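A short write-up of the structure that comes next.
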Amino acid sequence: MTTDTIDLSLDANPSPSTTLSAKRDWTFFHRHGLLLVVLSPIVANLVGSVFNILYNFWQIEPLLSQLQMARFSACWQWFNLVVYPLAVLLFLIPIYQLRPIHHSLINGTNVRDEDLEASRRKVVNLPWWFLAVASMGWLSCIPVFPLALASLNEPLSINVVIHLTTSFLIASLIAVTHSFFAVELVIQQTLFPVFFQTGTPANVSGTAPMTISQRGLMWSASAVVSPVLSLVLLILVPDATQTAPIFAVVVAVVAVSFGIATSWLLGRLVASPVLELQSAALAVAKGDLTAKIETLRADEFGMLIDQFNAMIAGLAERERLQATFGRHVGREAVKQILAAQDARDVTNTPGTLGGTKQMITVMFVDVRNFTAHSANAPVDDVIAGLNLMFGEAVKIVEQHGGMINNFLGDGFMAIFGIGGNPSASERHADDAVNAGRKLLTRIEALKGDFARVGWSEMKIGVGINTGIAMVGSIGAPERQEYTAMGDAVNVAARVEALTKRVGHDLLVTEATLHALSASDHFTALPRQEVQGKCESLRVYGLIEDSERTTEDNRSQ
């Protein structure tokens with residue numbers, strides 16, 4: 001741990017509106033949380049004391065002689081004057097130590113790292129400290145009172161010892177366990193939000209928060225074992241005053257009352273985070289990735305809440321990544337890249353993501369006469385025209401199950417047949433051709449929009465080829481590109497270039513024609529020589545069908 005300070009402000013010279021604590025509307029309970037922690041055990045200890053007093057009055061005092069009664073009265077008076085104040089003082093020691101840090105955090109001033117860490121540790125362990133102090137105060141009664149009575153020159157009945165032990169044991173279980181729950185609940189509600197403005201209590205080292213099973217044992221001891229034990233003893237131990245039935249009713253009332261109180265406390269401590277997790281999970285299932293559980297816990301629920309919030313943050317980041325990255329490489333490419341990355345993470349495969357051989361359809365699109373137009377038109381108009389064309393192209397290509405993996409200046413390359421659609425491998429040629437036809441029709445329909453940015457003669461050429469290609473992330477480990485490589489891609493690029501020569505805006509290869517479900521709207525063209533190929537290439541041009549074009553326009 002370093003000795004650096006934690007600056008809770010957002011600026012070097014923070015104002016009240018920019019400090020971290022100023023963002024929180026600290027309530028009365030947060031500002032006076034330490035006082036509330038001190039007061040939280042009072043009710044349970046008072047009830048335990050009342051139980052002890054009634055038990056002594058009904059069951060013990062009638063068994064004592066006059067001299068023993070005087071010693072008994074003197075003993076509890078001295079005990080209350082010495083032991084209980086000492087227990088209260090011990091409980092206040094960590095509270096006093098936390099005051100300056102609590103005050104600084106409430107007011108947004110700086111706190112050293114080691115001081116904050118130590119204070120967080122005290123806050124998480126504070127219920128255990130109280131449990132130790134309170135148990136010491138109550139259980140020390142068991143040896144003190146019998147020994148004080150035994151020191152007299154009168155014989156001490158074993159029934160008195162049994163009743164004294166029972167009285168203090170039951171009262172301590174009632175007081176200590178319920179006080180522990182109350183202290184823990186108050187700490188979670190008032191101190192955790194202040195001391196854990198950053199970080200969570202579940203990650204503090206050197207702490208031992210009570211587990212769910214431990215809470216169940218404490219509840220059983222307080223609400224079940226203590227009342228049952230007292231009733232059994234009332235039956236087994238001789239009743240000198242014949243008041244056992246009346247006291248049994250009192251014990252039953254106390255048991256029921258504290259059972260209800262304990263159930264409420266456990267409900268706040270156990271059921272509340274479960275309901276919050278359920279609510280947040282349902283929100284995430286509906287697509288709300290802003291859901292977050294604000295409850296701060298140091299026990300198993302704290303770890304679960306931290307992991308849940310981290311999971312939601314990861315999902316939100318993945319969604320943001322897909323949305324942001326998808327604007328650059330296409331949504332389908334993002335899905336493919338992330339899926340490949342996940343597969344690599346699972347198998348721990350080192351190196352680049354690599355690629356796989358797939359049967360795909362590749363489409364190249366290029367703007368006609370771009371060089372001549374860009375030489376004479378303003379740059380802003382050139383960019384506006386390209387963005388208009390690319391915007392329509394992205395929508396149309398993705399609507400038909402394809403992805404534009406990169407833009408090539410005044411054109412782009414699109415791939416069909418690699419999506420998550422099970423039938424994509426069967427109809428990717430149809431999808432590519434339909435997308436190409438739709439794009440040509442759309443460009444014609446937007447002639448007026450292109451004219452407004454100086455592109456009155458916007459024309460494009462579309463070349464499509466089907467074949468085997470290597471698809472995946474290619475490049476160096478530090479910089480990769482998701483693309484397709486191979487002869488099928490090269491041929492598609494050459495076919496697009498032929499559109500200017502043969503006078504057709506859309507050309508397909510023989511491989512694509514054979515992969516189509518219907519090829520009647522294409523006509524065979526003379527074989528074409530293309531660069532990089534020894535043999536001439538057979539291509540097919542789209543038949544200009546005015547009826548079909550009209551139908552496409554209506555679909556817009």
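All heavy atoms count here, side chains included; hydrogens, waters and symmetry mates do not. Small disclaimer: the values here were computed from a predicted structure and weren't measured.
For the atom pair CZ (Arg427) and NE2 (His400), the distance works out to 9.5 Å, reported to the nearest 0.5 Å. Between atom OG of residue Ser167 and atom CD1 of residue Ile162 there is a gap of 13.5 Å, rounded to the nearest 0.5 Å. To the nearest 0.5 Å, the span separating CG on Leu164 from CG on Asn52 amounts to 8.5 Å. In this structure, Leu67 CG and Leu152 CG are separated by 4.5 Å, a value rounded to the nearest 0.5 Å. Distance check: Leu92 CG to Leu98 CG gives 11.5 Å after rounding to the nearest 0.5 Å. Interatomic distance, CG of Leu149 versus CE of Met69, reported as 10.0 Å (0.5 Å rounding).
Residues satisfying the ring-ring contact (aromatic ring centres under 6.0 Å, His included) criterion with Tyr84, sequence neighbours excluded, are Phe79. Not counting sequence neighbours, the partners of Phe28 by the ring-ring contact (aromatic ring centres under 6.0 Å, His included) test are His32. Thr200 pairs by the side-chain hydrogen bond (donor to acceptor under 3.5 Å, both in side chains) definition with Asn203, Asp306, not counting sequence neighbours. When the side chain to side chain contact (heavy atoms under 4.5 Å, CB included) test is applied to Ile95, the partners found at least two apart in sequence or on another chain are Leu34, Val37, Val38, Leu126. Under the rule for a side-chain hydrogen bond (donor to acceptor under 3.5 Å, both in side chains), the partners of Glu154 that lie at least two apart in sequence or sit in another chain are Ser65. Applying the ring-ring contact (aromatic ring centres under 6.0 Å, His included) rule to Trp128 yields the partners Phe180; only residues at least two apart in sequence or on another chain are considered. Legend: residues meeting side chain to side chain contact (heavy atoms under 4.5 Å, CB included) with Leu39, ordered by chain and number and at least two apart, are Leu35, Ile42. Looking at residues two or more places apart in sequence or on another chain, you find no salt bridge (charged side-chain N to carboxylate O under 4.0 Å, His left out) involving Arg99. For Thr27, the side-chain hydrogen bond (donor to acceptor under 3.5 Å, both in side chains) partners at least two apart in sequence or on another chain are His30. For Asn125, there are no side-chain hydrogen bond (donor to acceptor under 3.5 Å, both in side chains) partners, not counting sequence neighbours.
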Could you give the side-chain donor-acceptor pairs of residues 139-147 under 3.5 Å, partners two or more places apart or in another chain?
residue, atom, partner, partner atom, Å
Ser140, OG, Met136, O, 2.9
Ser140, OG, Gly137, O, 2.9

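Of all non-hydrogen atoms in Trp26 and Pro193, the two that sit nearest each other are CH2-O, 3.5 Å. Here the closest heavy-atom approach between residue Gly401 and residue Phe416 is recorded as C-CD2, 4.2 Å. Closest heavy-atom contact between Ser40 and Ala182: O-CB, 3.7 Å. Pairing each heavy atom of Ala171 with each of Gly48, the nearest pair is CB-O, 3.3 Å. In plain terms, the two heavy atoms of Ser135 and Val176 that are nearest each other are OG-CG1, 3.7 Å. Heavy-atom minimum distance, Trp129 versus Leu90: NE1-O, 2.9 Å.
A 4.5 Å side-chain heavy-atom check between Val183 and Ile187 finds at least one atom pair inside the cut-off. In this structure, Ser49 and Trp138 have side chains that are in contact, with non-hydrogen atoms separated by less than 4.5 Å. Between Ser179 and Asn45, some side-chain heavy-atom pair lies under the 4.5 Å cut-off.
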For this session: Test side chain to side chain contact (heavy atoms under 4.5 Å, CB included) on Phe29 and Val186 and set out the steps.
Result: CA-CA 9 Å; Phe29 301 101; Val186 172; over 6 Å; no
Exercise. Given the rule in the side chain to side chain contact (heavy atoms under 4.5 Å, CB included) test, do Leu105 and Leu116 qualify, once you have shown the distances and angles that lead to the verdict?
Worked result: CA-CA 9 Å; Leu105 294 173; Leu116 181 60; 4.0 Å; yes
For this session: Could you check Val204 against Glu117 for side chain to side chain contact (heavy atoms under 4.5 Å, CB included), going step by step and ending with a plain yes or no?
Result: CA-CA 8 Å; Val204 178; Glu117 185 71 12; 4.0 Å; yes
Problem set entry | side-chain hydrogen bond (donor to acceptor under 3.5 Å, both in side chains) assessment of His103 paired with Asn107 | CA-CA 6 Å; His103 183 267; Asn107 291 285; 3.2 Å; yes
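Looking only at distances, no side-chain donor or acceptor of Arg120 sits under 3.5 Å from a matching main-chain atom of Phe196. Counting only distance, with no hydrogens or angles, the side chain of Gln197 and the backbone of Val194 share a donor-acceptor pair below 3.5 Å. In terms of modelled atom types and a separation under 3.5 Å, the side chain of Arg121 and the main chain of Thr207 share no donor-acceptor contact. Side chain of Thr109 to backbone of Ser104: a donor-acceptor contact under 3.5 angstrom is found. Judged purely by atom type and a 3.5 angstrom limit, Asp115 has no side-chain atom pairing as donor or acceptor with the backbone of Val111.
Here side-chain hydrogen bond (donor to acceptor under 3.5 Å, both in side chains) pairs that include residues 70-79, with residues two or more places apart or in two chains, are Arg71-Ser151.
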